[in-house]
Amino acid sequence: MKFENILVEIDESLAIITINRPKKLNALNRGTISELHDAFEMLEEDPDIRIILLTGSGDKAFVAGADISEFAHFNVSQGKKLAAEGQKLLFDFVDNLSTPVIALINGFALGGGLELAMSCHFRIASEDAKMGLPEVSLGVIPGYGGTQRLPQLVGKGKAMEMIMTGGMIVAGDAHASGLVNHVVEKDDLMAFGRKIAGRIANNSPVAISYAIKAVNAGFKNNKKGYATEIESFGACFGTEDFKEGTTAFLEKRKAKFTGTL
Ligand code: COA
């Protein structure tokens, strides 16, 4: 399989997917989402692959979010479709893979980037990683499962604060709140990921796939939450605040929100 936006490396039972748009801080455009889907599907179907590591290229970012330039002009129905399709193709898809996926967060994980990391089965961050859901600063809300998965991981109050402020937390805080399992020095991130992957690969892949299914089943009663997220995400696309927020980002200026619907 040939990819333009990602790299896939296979080392015996381990696969490493690297999102590879460093000039755009690995922002998730449509092509990247589709390639990630294809790569995860291919690796899931390969019985020799026991574990997948997901990381970003360059030394600055894991993923700095969904590609704002692609959706800034979208209307309500396009916004809804963006969230619904993205969740189905990538975020829910990864969450429900039977092959374990570990996110190695090597820098910024913002918006869709943090949502992607949260879709992985667990996360390891480098010391300089910064995480957040800044969508409200653009006049929109997280639309790739962030309103559901963040409270599951860090609790409702912390998630509310992160979503409302749109602020970033540093790796140490992310570790303290359960968002990431480990924080390691940047140069050690891949080696540490490989070490944990090696331990997982020694165990029964069938048992692991059942374990993932069972753990996930406990979080499946929030279907309405995801549906509400998609509806609300779409609704934002009809507001003046959304136009102002995304335009301001692309014009590299601070947004002036009026609260006008
Ligand atoms: N979508 C599209 N492009 C993005 C992007 C995104 N989410 N995040 C970064 N980029 C682009 C920038 O536009 C810039 O492109 P340019 O060089 O063609 O102008 C390039 O990536 C580098 O980013 P830049 O902002 O110059 O880097 P920085 O170090 O000054 O700031 C961030 C880093 C992460 C703080 C900043 O890029 C940012 O706030 N990104 C958006 C985060 C966000 O809101 N994500 C949620 C989206 S829903």
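Both counts, for ligands and for their atoms, begin at 1 and track the order of listing.
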Quick one: does [X] get an N or O within less than 3.5 Å of an N or O on ligand 1?
{"X": "Met168", "value": "no"}
{"X": "Ile68", "value": "yes"}
{"X": "Glu135", "value": "no"}

Does a donor on one side chain and an acceptor on the other come within less than 3.5 Å for [X] and [Y]?
{"X": "Thr18", "Y": "Glu9", "value": "no"}
{"X": "Thr239", "Y": "Asp241", "value": "no"}
{"X": "Lys81", "Y": "Asn75", "value": "no"}
{"X": "Ser126", "Y": "Asp128", "value": "yes"}

Residue-level breakdown please: for [X] versus ligand 1, do any non-hydrogen atoms fall below 4.0 Å on the side chain, on the backbone, on both, or on neither?
{"X": "Ala64", "value": "both"}
{"X": "Lys252", "value": "side chain"}
{"X": "Leu138", "value": "side chain"}

Answer yes if a protein heavy atom lies under 4.0 Å from [atom], otherwise answer no.
{"atom": "atom 15 (O) of ligand 1", "value": "yes"}
{"atom": "atom 18 (O) of ligand 1", "value": "yes"}
{"atom": "atom 34 (C) of ligand 1", "value": "yes"}
{"atom": "atom 44 (O) of ligand 1", "value": "yes"}

Nearest neighbour in protein (non-hydrogen) for [atom]:
{"atom": "atom 28 (P) of ligand 1", "answer": "Lys60 NZ, 3.7 Å"}
{"atom": "atom 20 (C) of ligand 1", "answer": "Lys23 O, 3.3 Å"}
{"atom": "atom 31 (O) of ligand 1", "answer": "Leu25 CD1, 4.5 Å"}
{"atom": "atom 38 (C) of ligand 1", "answer": "Phe249 CE1, 3.8 Å"}
{"atom": "atom 6 (C) of ligand 1", "answer": "Ala66 O, 3.5 Å"}
{"atom": "atom 10 (N) of ligand 1", "answer": "Lys24 O, 3.9 Å"}
{"atom": "atom 2 (C) of ligand 1", "answer": "Asp67 OD1, 3.3 Å"}

Check for me, please, whether [X] and [Y] land in the same ILVMFWY cluster - side-chain distances under 4.5 Å, paths through other members count.
{"X": "Ile68", "Y": "Ile163", "value": "yes"}
{"X": "Leu104", "Y": "Phe192", "value": "yes"}
{"X": "Leu250", "Y": "Phe242", "value": "yes"}

- Report the C-alpha distance between Lys256 and Glu244 in whole Å, list the side-chain angles of each, state the deciding distance to 0.1 Å, and finish with yes or no for side chain to side chain contact (heavy atoms under 4.5 Å, CB included). CA-CA 7 Å; Lys256 274 193 205 144; Glu244 167 60 12; 3.9 Å; yes
- Query: At a 4.0 Å threshold, what atoms of ligand 1 neighbour a non-hydrogen atom of Leu110?
  - Reply: 34 (C), 42 (C)
- Query: Has Pro134 got any heavy atom lying under 4.0 angstrom from an atom of ligand 1?
  - Reply: yes
- Query: Is the His37 ring parallel, tilted or perpendicular to the Phe93 ring (thresholds 30°, 60°)?
  - Reply: tilted
- Check whether any side-chain heavy atom of Leu54 lies under 4.5 Å from a side-chain heavy atom of Leu116, and answer yes or no. yes
- Query: Ignoring hydrogens and geometry, is there a side-chain-to-backbone donor-acceptor pair from Arg123 to Leu179 under 3.5 Å?
  - Reply: yes
- Sort out for me which residue in Ile105, Leu110, Asn106 forms a side chain to side chain contact (heavy atoms under 4.5 Å, CB included) with Phe108. Leu110
- Query: Given Pro22, Gly143, Ala27, which one has a non-hydrogen atom that is nearest to atom 5 (C) of ligand 1?
  - Reply: Ala27
